[in-house]
*Asks:* 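Quick one: the structure is below, questions incoming.
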Number of protein chains: 2
Amino acid sequence: VDGTKAQPHPFDDAVTLERDNGQVRGRTTAPYNNMVGPFGGVTAAVIVRAIEQHPEVHGQPIALTVNYLGPIAEGGFELSARPVRTNRTNQHWTVELSQGGAVTTTATAVFGLRRPTWSATEAAPPTAPAPADVPVGGFPAAIAWAQNYEARFVDGGLDGLGGLPLDDSVTTMWIRDHPARALDFAALTAISDTFYPRVFRRLGSFVPAGTVSLTTYFHVSAEGLAKQGSEPLLATARAHRFGLGYFDQSAQLWGTGGTLLATSQQIVYFKA
Amino acid sequence: VDGTKAQPHPFDDAVTLERDNGQVRGRTTAPYNNMVGPFGGVTAAVIVRAIEQHPEVHGQPIALTVNYLGPIAEGGFELSARPVRTNRTNQHWTVELSQGGAVTTTATAVFGLRRPTWSATEAAPPTAPAPADVPVGGFPAAIAWAQNYEARFVDGGLDGLGGLPLDDSVTTMWIRDHPARALDFAALTAISDTFYPRVFRRLGSFVPAGTVSLTTYFHVSAEGLAKQGSEPLLATARAHRFGLGYFDQSAQLWGTGGTLLATSQQIVYFKA
């Protein structure tokens, strides 16, 4: 018995998978529960992790789309990750997550080799004070998964929702895993889904809302992520259009020194 | 023989599918050829059409992600479109397009019922003169598919590429099918992929580039599309980040009267 063995980070525990004869199994963990079922970001992270650990993986994450078909019940789930085509420099995946034979989540992913090319960042990060100058807090205590993040709201926090409709849906926050943890692709994927529904901000109230599909593009290599370490990301999101039962959300995740680590989109069901 | 029978529009011909005992077959058509294989936008449109014509379809397009695994050869292809889960108000699809048993294209789609809800457009359309005040033209004559569009470049046309690097990757254009054709979801999907690669603009030159994954969100119902008819769309696109062999593109497709019809993202492979 190694009495000095540390507990794993709750995030590492949540994305732990067992691989047995080609069968891959995971399970939900209480710290990443949402209102109904697990936090969608951790489900997306589990899918990234399943591909990363697949024996045929070729390269690093380039793009991921996750579709949320229905709630995941607390407990175990099965993952089927299939490399549909492996090209010289990239690889295309189709993934299904299921419980008791019923598919709860589908995904496609592009992985690829990263090589130096001409580069430029055309977008600009939002203006924000340094993390140390912004108070920690702002996620509701009732949301289990949110307790695993250290958030510092620069703009558009939930505290600002006073029942009055607001003109824009922008939220900007410093965010990292709590306890602090070196960033990897799975954790970056989860962070791309940490924004509360934009419609709350526009209406100034909580209404039924849930992500239907999430697409994240990765603009960084594993080497670049290592440079980020456990420093907070500057994360910003807004919507373009609300109507006919859905709205979109467009997000940017900025690393230290103005490095754009990821851009992300989602389409969200709402009732109002 | 009905001598008065009109030729179908080239777009309708390109997205025509045959359904036989659950097998769905299509074929490439010369007018929508790209440099290698068909225009990616028409492949995405074929996928939308395959779902729309499926006997179990439930609702209208909400979200579509298409992954381009490899080139499609001229000729026939098979489509497999599977409704993985049908909920009360939405439906999730997984689609594969293949030739000779090899998958060339994968996709997931969300379809859903549209109902009136609170609505707001937070994004603003780009400033542009009326279509009649912008000259038609600007797509290269050598690109077959581009001849099926009437484009009017407001900003960021290919003509402006003089070998000098430019500071931004924005292109804004009025665009519609040519000959003019009433807009439907398949055609709107194709138009979301009509921008030339953003890296051409930043580098001021043509370099190898190809879309790897395309995600389009639909913000309009069939009823709203009917109002648009065959009027030009104001389409605008830009990139956020270029590097490590890939760049992203973010696009907005605006209809008459400042109606945001669709938003779209893609991740593009490039060499430079």
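Letters A, B, ... mirror the listed sequences (proteins, then strands); counts begin at 1. The structure displayed is predicted, hence computed values, not measured ones.
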*Asks:* Considering only heavy atoms and a distance below 4.5 Å, find which of A/Ile62, A/Val84, A/Thr89, A/Leu260 pairs most often with chain B.
*Replies:* A/Ile62

*Asks:* Looking at chain A, which one of B/Asp248, B/Ile267, B/Thr121 has the largest number of heavy-atom pairs inside 4.5 Å, strictly under?
*Replies:* B/Ile267

*Asks:* Under 4.5 Å from any heavy atom of chain B, what part of A/Thr65 do you find: side chain, backbone, both or neither?
*Replies:* side chain

*Asks:* Is it the side chain or the backbone of B/Ala120 that comes within 4.5 Å of chain A heavy atoms, both, or neither?
*Replies:* both

*Asks:* Go through the atoms of B/Val110 and report whether side chain, backbone, both or neither lie under 4.5 Å from a heavy atom of chain A.
*Replies:* side chain

*Asks:* Given that the side chain runs from C-beta out, which part of A/Asp168 has a heavy atom under 4.5 Å from chain B: side chain, backbone, both or neither?
*Replies:* both

*Asks:* Which one, A/Arg238, A/Glu96, A/Gln252, leads in non-hydrogen pairs under 4.5 Å with chain B?
*Replies:* A/Arg238

*Asks:* Between A/Phe270, A/Phe242, A/Phe247, which residue shows the highest count of heavy-atom pairs closer than 4.5 Å to chain B?
*Replies:* A/Phe242

*Asks:* Counting heavy-atom pairs under 4.5 Å with chain A, which one of B/Ala124, B/Ala102, B/Ala239 comes out on top?
*Replies:* B/Ala239

*Asks:* For A/Gln91, is it the side chain, the backbone, both or neither that has a heavy atom under 4.5 Å from a heavy atom of chain B?
*Replies:* neither

*Asks:* Hey, what do you get for OG1 (A/Thr216) to CD1 (A/Ile191), rounding to the nearest 0.5 Å?
*Replies:* 11.5 Å

*Asks:* Measuring only between side-chain heavy atoms, which start at C-beta, is B/Phe185 closer than 4.5 Å to B/Val220?
*Replies:* yes

*Asks:* Please identify, among A/Thr94, A/Thr86, A/Asn90, A/Leu203, the residue contributing the most non-hydrogen atom pairs under 4.5 Å to chain B.
*Replies:* A/Leu203

*Asks:* Taking C-beta and beyond as the side chain, do B/Thr43 and B/Leu97 meet within less than 4.5 Å on heavy atoms?
*Replies:* yes

*Asks:* Counting only non-hydrogen atoms closer than 4.5 Å, does B/Ser250 touch chain A with its backbone (N, CA, C, O), its side chain (CB onward), both, or neither?
*Replies:* neither

*Asks:* Chain A heavy atoms under 4.5 Å from B/Thr215: which part of the residue, side chain, backbone, both or neither?
*Replies:* both

*Asks:* Side chain, backbone, both or neither: which part of B/Ser221 has an atom under 4.5 Å from a heavy atom of chain A?
*Replies:* both

*Asks:* In terms of side-chain geometry, is the basic nitrogen of B/Glu223 or B/Arg114 positioned less than 4.0 Å from the acidic oxygen of its partner?
*Replies:* no

*Asks:* Let me know if A/Ser169 has heavy atoms under 4.5 Å from chain B in its side chain, its backbone, both or neither.
*Replies:* both

*Asks:* Under a 4.5 Å heavy-atom cut-off, does chain B meet the side chain of A/Val103, its backbone, both or neither?
*Replies:* both

*Asks:* So what's closer than 4.5 Å to chain B heavy atoms on A/Val207: side chain, backbone, both or neither?
*Replies:* neither

